[in-house]
Each structure stands twice: as structure tokens, then as C-alpha cells.
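Contents: one structure, followed by commentary.
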Amino acid sequence: MQKASLVKGTRDFGPIQVAKKNYIFDTIKKVFKSYGFAPLETPSMEKIETLTGKYGEEGDQLLFRILNNGDILPKAESNFDSNRALKSAISDKGLRYDLTVPFARYTAMNMHALKMPFKRYQIQPVWRADRPQKGRYREFWQCDADTIGTRSLICELECIEMFDKVFSALNLPVVIHLNHRKLLEAIAIHLGFEGEFEAFTVAIDKMDKIGFDGVVKELESKNLDTSKFENAQSLLTTFDFESKQLKDLDETLTSVLATQAIKDLSEIRGYYNQLDNDIVLDTSLARGLSYYTGCIFEVKLKEGGFGSVAAGGRYDDLTEVFGVKDISGIGISFGADRMYDVLEDLNLFPQEMSKMTDVLICPMDKDVFSFALQTARKIRNNTQQSCLVYPKEGKLKKQLDYANALNAQYAIIIGSEEVEKNEVSIKNLNSGEQKNMDLTQLIELLK
RNA sequence: GUGGUUGUAGCUCAGCUGGUUAGAGCACCGGUUUGUGGUACCGGGGGUCGUGGGUUCGAGCCCCAUCUUCCACCCCA
């Protein structure tokens, strides 16, 4: 016999967990649909060359590769000068790392049929060969919405609104962090890091974690000149997302790049009045994925938890590697598994998630089965309630126990007395209240 | 990928410096009550102590390996 076990960093979802997960998916889906996004699904696996080189060196290492079928040994026996060469000889497929790149691939292949701007949403699992931690899985679900084929800043606004709506619908207070890649570049140049943009962003992205002094140390450890960095603290921080702050920032930076970014941000700011959640301009936000070129977002929990529960940004050249130029796009992604964990921790899933049925019918002996089944049929055909007949007679205690385990709202008790009077005994399992009535009254009650 | 950490019944854990048949609470099952649950009482099942080696007269406890968990770094949802 073999011990049953799971692959590291993966998990099962039982009936209640699936209901909870669907609650998250449904909430997100509803918002996506209300903004006119249409569904798309792509295969779990992609050609390895579709995936590699899109997420940087680190990302490539985290790709799950699929071993080729057939006789790989002769190939493997040849001399390869590197792991990389060997890998590509024995594996030409991989599991998708995110949903954005498969979408770019899809777009490139279907340009002829897509009416721009094209808006799609996609809710599917992705895989990363990461070392698992809390809130960090090797298989997890992303919920993406992207708009491509337009540079309109209305899309940025929609992203912000969708973040706001989803988290507000889930009763999960968050802070939406907003930044602009060009603003970040302008700041980098202003602080003397021209040509060292990557190292600069990697360092300042850790601001909230290691603090200002930590960032200085990090930069120095990479032999970067931090002489102009002393006035950076007031520049790399979170600002209220208001026009006054934007104007001040523009005046401090006085560069073309900064002005472009501020213009975008001001326009977006002009499009809305009130959100349920907080939003800040966070100039220390530097999303790692290198394909972003405009606005970038990250949604963080107001209290504790993981790094971020949702993120996104604008990218200009994602389809270019597939031969399709000048398609600007913007997309966001919700991390369903992290959201699941937080909602669980904070006990924010609605009560009915654990309800397996609304009504349990309890037949006392075999003679009443047909009456019980008839009652069930009536309930199913005439009400919205789900209904289940306990498939074995006897022991009311046992049956009521079962009803509790299923979190049912009503138990309908049917014995020979009830059949004789052509009625049922219905018990409200929350209040304990119980009364007898005929089937017409029962349907009326359950409607 | 680097450094650390964890692993005892379904769950949360106890188990003294290695010493006879490994414990508790909760959960589960049965009964008290063969037609009334979620609160009471009585009883019961269930563990090759993550796995594989080793040291020892003897290992849940020590050593090695491996897997798993969680944490930090890296990166990220």
C-alpha cells in the first residue's frame, strides 16, 4: 500500500472549500462582467518558448517544465554544455506561469478576429516552482481582466473601480497602491540612478519592509552612488492621491517623464469621486514584472497578511515578441488563494457557504418512503429550496444529526401519523420550532 | 535556489535527563431515549509516534538521509 499524499505546495478543496472559492470567483466574475469583459480559457500548458524570457531570469527558473514523452534518453546522452541546453532537448512544454502571457499569445494568434479594444477575463490556475510558504502556493488561481488595443486612461480608472468593488463586496478592507512607471523613472533619474533603473526599483520596492535606511544599505551594497539620495525619503513614500500632491511632485521633479506621468495620473484622478477603499499614490511601488510601462497597481490588505492580494498595470509591448506591434494593454489580477486564506482567517465567508442543503426530509419507516419522495418532488418543482431525502428509515436522532451536519435549515419529519392525516411535520432547525401542515401550506412556507 | 524550522489519533496538543501494553481535550461511532438534533451521562473504535536507515540490552525521545510544514532571503498572487 502506498501513502496518500499531495504534491508540495498544492491543496485539495472539499465541498465547503469549493463553495467558498466559488463565492470569491462569482464575486469577481460579476464585477468583470459588469464592465463588459468576456471570458477566455487557455490550455494549462504552453510551448516553453512562449513562456521563457517573459518574466525575467528569476521567472524562468520558476517555470514548471513538462518532460517530453517518447525516448528522451538518446538526446539526453549527447553532450550538452549546459543545463539549459539539456532541458530544452528533453522538454518543450511548460505549465503557464500566469494568465497574461497566454493571453498575449492568444491575442497574437487571433488578431484578425478580435475587435479592438478587446476586453477579456480569465479565471484559471497557474503554476510556479516556488518554495511554498504561507499565502504562496505552487498551484494557485488567478482572476485576470485585461483590456487591449487602447491607451485610454478610462481603462486605468476601470481597474481601480474593479479592485474597489470586489474587495468591498467581500467586506475586505484594502488599500489600493498606485504608481506610474514613468514617474518611477523620473525619480530614479532625479536621484542619480540613470542606467541603474532595475537595481533601483528592486531596492525601493522593499521600502515598506526594510525601511529607508535599509534601502540605502541595499543600494550601497550594489555599489550605487547614494549621494543624492538623502532627499529621497520625502519623494519615495505614499501620498494622498489628490491633485495638490500631484502638482507638488511635478514641480519637484521638473522632467518630461514626470510631467507625462503626472498628466496621466491627474486625468485618472479627475474621473472619480468616491471609493469604498483607500487609494494612495505610492512612489515606492515598483512591480517586478518587467513588461509594465505605465500605471502600476498593487492592492494590499489594510491589516496584516501577505504582500498583496491583487495587482496589475499597463504594458505596451507584450504582443510584440509574437510579431504583433502597437497593442497597448492593461490588466489586473486577483490572487484568489490569498483572498481565500484571508477571508477564512477573518471569518468573512457568509454562513450559507457551509450549507449543503436547505431541507432534509426524515422518513420514520419504509412505509412512508413514497410519501416522502412525493413531498421532495413537490418542493423541488415548486420552490427554490434544495431538498434531500434521508435514504434510510428510523432513528430520528440520527437523521437530525445529519441535518445539522449538512447545516440544513429545515427538517421535515414524516411518519405514519403524518401520512394518515396527509400532512408533514416541519421543524426549523435554528429556532427548534415545529409544526404540522399539509403540502400546500408547506410549499407556501418554503417558497 | 540559499539559510533555518516543523512533523505524535480526524483536529489542537502532552509525553520528565532514551526504560514495561503511547496519553488528554475536541471530533467520530454506539447506548441512556427503537418519533426529536446542536446542552447531560455511560461506553467504544482509532496511532507501525512523517518515511527509510543507524546507535543502543532498549528510541516518540539520540545520529544520518529523505519528504512535509512554516519562516527569512530571492521573487511574487
Side-chain angles (χ1 to χ4, degrees), chain A residues 1-11 14 24 28 55-63 83 97-100 123-144 163 174 198 201-203 205-206 209-210 214 218 221 286-290 297-301 305-312 331-342 360 362-365 368 390 393-419 424-436:
Chain A
M1 200 185 70
Q2 150 182 31
K3 198 185 171 184
S5 65
L6 286 171
V7 168
K8 184 203 259 236
T10 66
R11 49 183 178 169
I24 297 174
I28 294 173
Y55 312 105
E57 189 101 6
E58 295 284 344
D60 284 358
Q61 283 178 3
L62 297 180
L63 290 176
N83 265 344
Y97 176 93
D98 70 1
L99 302 177
T100 308
I123 298 181
Q124 290 190 283
V126 303
W127 294 269
R128 296 184 189 177
D130 211 348
R131 187 169 287 198
Q133 274 179 44
K134 199 186 200 98
R136 182 168 230 193
Y137 302 95
R138 302 221 285 190
E139 174 183 69
F140 60 97
W141 290 70
Q142 289 196 323
C143 312
D144 278 33
F163 282 138
V174 294
E198 283 300 323
T201 53
V202 169
D205 194 39
K206 298 176 189 165
K209 215 169 192 177
I210 60 178
E218 166 114 8
S221 76
R287 303 229 56 239
L289 291 176
S290 44
F297 314 105
E298 204 160 280
V299 180
K300 296 177 183 182
L301 294 168
F306 335 87
S308 58
V309 287
I332 59 174
S333 180
F334 291 85
D337 294 76
R338 285 187 180 175
M339 289 162 73
Y340 180 100
D341 289 349
V342 181
L360 180 74
C362 310
M364 294 322 300
D365 51 71
V368 304
Y390 193 83
E393 74 281 10
K395 275 277 166 120
L396 188 53
K397 178 180 152 66
K398 219 174 169 181
Q399 303 198 21
L400 290 175
D401 253 1
Y402 189 68
N404 284 330
L406 297 183
N407 249 298
Q409 208 195 334
Y410 293 107
I412 291 176
I413 299 158
I414 298 174
S416 45
E417 294 168 35
E418 281 81 6
V419 174
V424 298
S425 185
I426 179 163
K427 187 181 181 89
N428 183 322
L429 291 165
N430 297 321
S431 64
E433 204 185 335
Q434 185 172 345
K435 47 188 158 183
N436 284 40

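Below, chain A is the first sequence line, B the second, and so on; all start at residue 1.
- Here A/Gln399 lies out of heavy-atom contact (under 4.0 Å) with every strand.
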Would you tabulate the nitrogen or oxygen pairs shorter than 3.5 Å linking the protein to nucleotides 31-34 of chain B?
from	atom 1	to	atom 2	distance (Å)
B/G31	OP1	A/Lys395	NZ	2.9
B/G31	OP2	A/Lys395	NZ	3.0

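- Distance noted for atom P between B/G15 and B/U8: 14 Å (whole Å).
- Base pairing in RNA chain B gives the following stems of 3 or more Watson-Crick or G-U pairs, range against range and under 3.5 Å: B:1-4 with B:70-73, B:10-13 with B:23-26, B:28-32 with B:40-44, B:50-54 with B:62-66.
- Distance noted for atom P between B/C67 and B/G10: 24 Å (whole Å).
- Backbone-only engagement by A/Ala310 is indicated by non-hydrogen atom pairs under 4.0 Å involving sugar-phosphate atoms exclusively.
- The side chain of A/Leu400 approaches B/G37 more closely than any other nucleotide in the set B/U69, B/G35, B/G37.
- As judged by a 4.0 angstrom heavy-atom cut-off over every strand, A/Gln61 is placed among residues making no nucleic acid contact.
- Among the protein residues, A/Gly432 comes within range of the nucleic acid bases, having at least one heavy atom under 4.0 Å from a base atom.
- Between A/Lys206 and B/C74, a side-chain N or O to OP1/OP2 separation shorter than 4.0 Å is present.
- Taking only distance into account, the side chain of A/Arg131 meets the base of B/U2 through a donor-acceptor pair shorter than 3.5 Å.
- Side-chain atoms of A/Glu57 stay outside donor-acceptor range of the base of B/G1, with no qualifying N/O pair under 3.5 Å.
- Each of A/Tyr137 and A/Glu418 was assigned the nucleotide of RNA chain B with the nearest heavy atom; the assignment lying further toward the 5' end belongs to A/Glu418.
- Under the rule for a side chain to side chain donor-acceptor pair (under 3.5 Å), A/Gln399 has no partner lying at least two apart in sequence or in another chain.
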(request) May I have the step-by-step check of salt bridge (charged side-chain N to carboxylate O under 4.0 Å, His left out) for A/Arg11 and A/Asp341, ending in yes or no? (result) CA-CA 12 Å; A/Arg11 49 183 178 169; A/Asp341 289 349; 3.1 Å; yes

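- If you take atom P in B/C49 and the same atom in B/G7, they sit 15 Å apart, rounded to whole Å.
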